[in-house]
Visitor: 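Have a look at the structure that comes next, please.
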Amino acid sequence: MRSNSVPKLMLIINPTAGKNQARNQVFNLINYFFTTGNHVTVFPTQGSGDGTKFAEEYAEEYDRVVCVGGDGTLNEVVAGLMTLPEDKRPILGYVPAGTTNDFASTLGISPRMEESMKQIVDGEPFYCDIGRFNGQYFTYVAAFGLFTEVSYDTPQPLKNMLGHFAYILEGVISLATIRSYHLKVEVDGELIEDTFIYGQISNSTSVGGVMDIGRTGVQLDDGLFEVLLFRMPTNPIELNEIITALMRQTIDDCPRIYFRRASRVRVLSEEPIAWTLDGEAGGETTDATAEILPHAIALSLVGMPNEKNLPEETVNPPEESASE
């Protein structure tokens, strides 16, 4: 049972994330949450899957769960919380301490640990959508193809030293052997068939610290994924069209990019495709289905992330369009 007096806070820490930020800040983390009126219990992860196990077995006993680590650790904690009945899931706080922290950037969570802790204490619940991919949960992206092998193939020491540059450098090396996949893709009933080099099903404005689709009006609680598929370019000009569209945020106008919003996506392939979920290996399959679970997790945030993700001209829409 949760405490009726002093709030109980479960602190799940990945001590090896990023540049060992969490390991070096354990006392400061405990002290801050304790002095702001919480009874704190620390759960340090020792290996893959610990975040899920801790959240699944113990989170129901706490008023709030705070995850300290990278997006992979957050993925594990969310997966554990999703096993609990919806009315038993505590509010989740996130202190980003990884290398890229894509989802934290989307949520408007400060990369500075002192500020992100304060945001958790001062924040209000924001009910965020969560994805489910062939039974596995993901917080912000399921992807395949070009660049997707980078995040979990890059050695951790290289990530720590180079940060985003590690992802970019490893990605450039992989360009020499671009693979393509002939796919049938069902997007909320719409069927397309083509050859693709990359695909992502996301609920985030940033992927890999490089790809930014924020200007497309991403909403984290609208019950919809953003679906991006890059068709195989037949010549360097078409490849350049894709790159230019991404840089200029004009993906809607590029014929080599398929972009839709959808609540359910199925990808059928002739050969097994390796997927990543939140930057970690997600397995290989010829039949992948992603579905969105609206308002599944309550995140403690200061300010709602959706306002900053809307295109500038729609942040304050005219009153007459409010009902459209």
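Treat the numbers as computed from the prediction; the structure is a model and nothing was measured.
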Visitor: Does a side-chain heavy-atom distance below 4.5 Å link Met10 with Phe54?
Guide: yes
Visitor: If you define the side chain from C-beta out and look only at heavy atoms, does anything of Val66 sit under 4.5 Å from Leu29?
Guide: no
Visitor: With a 4.5 Å cut-off on side-chain heavy-atom distances among I, L, V, M, F, W and Y, is there a chain of contacts connecting Tyr127 to Ile297?
Guide: no
Visitor: Of all the heavy-atom pairs spanning Val141 and Gln200, show the shortest one and how long it is.
Guide: CG2-CB, 4.0 Å
Visitor: Using every non-hydrogen atom in the two residues, find where Ala143 and Tyr198 come nearest and quote the distance to one decimal.
Guide: CB-OH, 4.1 Å
Visitor: Could you state the interatomic distance from OG1 (Thr52) to CG (Leu81), rounded to the nearest 0.5 Å?
Guide: 9.0 Å
Visitor: Just verifying a value: how many Å separate Arg132 CZ and Asn134 CG, rounded to the nearest 0.5 Å?
Guide: 10.5 Å
Visitor: Evaluate the side-chain proximity of Tyr140 to Asp278: yes if any heavy-atom separation is below 4.5 Å, no if none is.
Guide: yes
Visitor: Roughly how far, to the nearest 0.5 Å, is the CD atom of Glu76 from the CG atom of Asp50?
Guide: 7.0 Å
Visitor: How far does CD1 of Ile251 sit from CZ of Phe259, to the nearest 0.5 angstrom?
Guide: 4.5 Å
Visitor: Establish, from distance only, whether the side-chain atoms of Tyr32 and Asn38 form a donor-acceptor pair under 3.5 Å.
Guide: no
Visitor: Before giving the answer on side chain to side chain contact (heavy atoms under 4.5 Å, CB included), spell out for Ser202 and Val218 the whole-Å C-alpha distance, their side-chain angles and the decisive distance to 0.1 Å.
Guide: CA-CA 9 Å; Ser202 63; Val218 174; over 6 Å; no
Visitor: Does the ring centre of Phe138 sit less than 6.0 Å away from the ring centre of Phe103?
Guide: no
Visitor: Before you tell me yes or no, could you show the steps for Thr106 and Ser204 under side chain to side chain donor-acceptor pair (under 3.5 Å), namely the whole-Å CA-CA distance, both residues' side-chain angles and the distance that decides it to 0.1 Å?
Guide: CA-CA 6 Å; Thr106 296; Ser204 173; 2.8 Å; yes
Visitor: Do the side chains of Val267 and Ile192 join up, straight or via other hydrophobic residues, at under 4.5 Å, putting them in one cluster?
Guide: yes
Visitor: Between Ile12 and Phe43, is the side chain to side chain contact (heavy atoms under 4.5 Å, CB included) condition met? List the steps.
Guide: CA-CA 5 Å; Ile12 301 178; Phe43 291 77; 4.3 Å; yes
Visitor: Applying side chain to side chain contact (heavy atoms under 4.5 Å, CB included) to Asp287 and Arg266, what does each step give before you reach the verdict?
Guide: CA-CA 7 Å; Asp287 188 347; Arg266 186 181 184 190; 2.7 Å; yes
Visitor: What's the separation between atom CD1 in Ile197 and atom CZ in Arg179, rounded to the nearest 0.5 Å?
Guide: 13.0 Å
Visitor: Determine whether Arg89 and Met82 make a side-chain contact, defined as any pair of heavy atoms from C-beta on separated by less than 4.5 Å.
Guide: yes
Visitor: So do the side chains of Leu224 and Ile292 get within less than 4.5 Å of each other, counting heavy atoms only?
Guide: no
Visitor: So which of Phe144, Phe196, Trp275 actually passes ring-ring contact (aromatic ring centres under 6.0 Å, His included) with Tyr181?
Guide: Phe144
Visitor: Which heavy atom of Asp71 sits nearest a heavy atom of Ala104, and at what distance?
Guide: OD1-N, 4.3 Å
Visitor: Is there a side-chain contact between Asp129 and His295 (heavy atoms, below 4.5 Å)?
Guide: yes
Visitor: Do Met113 and Asn28 have side-chain heavy atoms sitting under 4.5 Å apart?
Guide: no
Visitor: Could you tell me the separation between the NZ atom of Lys118 and the OG atom of Ser110, rounded to the nearest 0.5 Å?
Guide: 11.5 Å
Visitor: Sequence neighbours excluded, which residues qualify as side-chain contact (heavy atoms from CB on, under 4.5 Å) partners of Glu241?
Guide: Ile237, Glu238, Cys254, Pro255, Arg256
Visitor: What heavy-atom pair brings Ser269 and Ile273 nearest, and what distance separates the two atoms?
Guide: CB-CD1, 3.5 Å
Visitor: Under a single-linkage definition using a 4.5 Å side-chain heavy-atom cutoff for Ile, Leu, Val, Met, Phe, Trp and Tyr, are Leu84 and Leu92 assigned to the same hydrophobic cluster?
Guide: yes
Visitor: Determine whether the side chains of Tyr58 and Thr41 contain a donor N or O and an acceptor N or O closer than 3.5 Å.
Guide: no
Visitor: Is there a donor-acceptor pair closer than 3.5 Å between any side-chain N or O of Asn75 and the backbone N or O of Tyr137?
Guide: yes
Visitor: Which residue, Val26, Val65, Val68, forms the side chain to side chain contact (heavy atoms under 4.5 Å, CB included) with Leu11?
Guide: Val68
Visitor: Leu220 versus Leu299: any side-chain heavy-atom pair under 4.5 Å?
Guide: no
Visitor: Could you pull out all residues at least two apart from Asp188 that satisfy side-chain contact (heavy atoms from CB on, under 4.5 Å)?
Guide: Ala262, Ser263, Arg264
Visitor: For a quick test of reading the model, state the closest non-hydrogen atom pair linking Ser300 to Ile120 and the distance between them.
Guide: OG-O, 2.7 Å
Visitor: Might you work through the side chain to side chain contact (heavy atoms under 4.5 Å, CB included) test for Leu268 and Leu183, ending with a clear yes or no?
Guide: CA-CA 6 Å; Leu268 301 172; Leu183 306 176; over 6 Å; no
Visitor: What are the two closest non-hydrogen atoms of Val6 and Gly37, and how far apart are they?
Guide: CG1-O, 3.7 Å
